[in-house]
Amino acid sequence: MQSQNNKNYSNNIVMTKAEIVSQIHQKTGIDKTAALYIVEEMMTTIKNAMANGENVYLRGFGTFEIVRRAEKTGRNITKNTPIVIPAHNIPKFKPCKEFKDEVKAGKKA
């Protein structure tokens, strides 16, 4: 079900957190304030776990992984000088096979 409020950026339809909360409210009957709290708490829990170096596995959905980027040389384009970009961790989401298959097929859960 697509909301009429969905934004269209570069031909991609975007769903906002408010729309997720609204759909949870509609489908479960949970108060919107409670649904917002649950969504916020889930995001905070995932971010905190990853900040502590943990991967997060959600069976049937996917994996939030930490990926290590090696040190590399970049270029400061304003001064045209080389700079060293230090090694760092970045978050990555890897959907599970069922998730990918449903998106490819256009199926709704």
Handout entry: Shared hydrophobic cluster, Ile66 / Tyr57 (ILVMFWY, side-chain heavy atoms < 4.5 Å)
Key = no
Exercise for the section: Can you establish whether the number of heavy atoms outside Arg68 located under 6.0 Å from its atom CZ is more than 12? Expected result: yes
Problem - side chain to side chain contact (heavy atoms under 4.5 Å, CB included) involving Pro95 - partner list, sequence neighbours excluded - result: Phe93, Phe99, Lys100
Would you give me the side-chain donor-acceptor pairs under 3.5 Å for residues 28-41, sequence neighbours excluded?
from  : atom 1 : to    : atom 2 : distance (Å)
Thr28 : OG1    : Ile24 : O      : 2.6
Thr28 : OG1    : Ile30 : N      : 3.2
Asp31 : OD2    : Thr33 : N      : 3.3
Asp31 : OD2    : Thr33 : OG1    : 3.3
Glu40 : OE2    : Lys17 : NZ     : 2.3

Completion exercise
All heavy atoms of Ala49 vs all of Val56, minimum pair found to be CB-CG2, 3.8 Å
Practice task
Mind checking the NZ-CG spacing from Lys92 to Asn55? Nearest 0.5 Å is all I need.
Solution key: 10.5 Å
Quick one: side chains of residues 69-78, donor-acceptor pairs under 3.5 Å with protein atoms, not counting sequence neighbours, listed by atom name and distance.
from  : atom 1 : to    : atom 2 : distance (Å)
Arg75 : NH1    : Asn80 : O      : 3.1
Arg75 : NH1    : Asn80 : OD1    : 3.4
Asn76 : OD1    : Thr78 : N      : 3.1
Asn76 : OD1    : Thr78 : OG1    : 2.7
Asn76 : OD1    : Lys79 : N      : 3.4

Problem - Connected via hydrophobic side-chain network under 4.5 Å: Phe64 and Val103 - result: yes
Exercise for the section: To the nearest 0.5 angstrom, please state how far the OG atom of Ser22 sits from the NZ atom of Lys27. Expected result: 10.5 Å
Practice task
Kindly indicate whether the side chain of Thr45, heavy atoms from C-beta on, has any atom under 4.5 Å from the side chain of Lys47.
Solution key: no
Exercise for the section: Could you tell me whether a side-chain N or O of Glu19 sits under 3.5 Å from a main-chain N or O of Thr16, the two making a donor and an acceptor? Expected result: yes
Practice task
Give the cluster check for Met50 versus Val67: same hydrophobic cluster or not, with ILVMFWY residues linked at side-chain heavy-atom distances below 4.5 Å.
Solution key: no
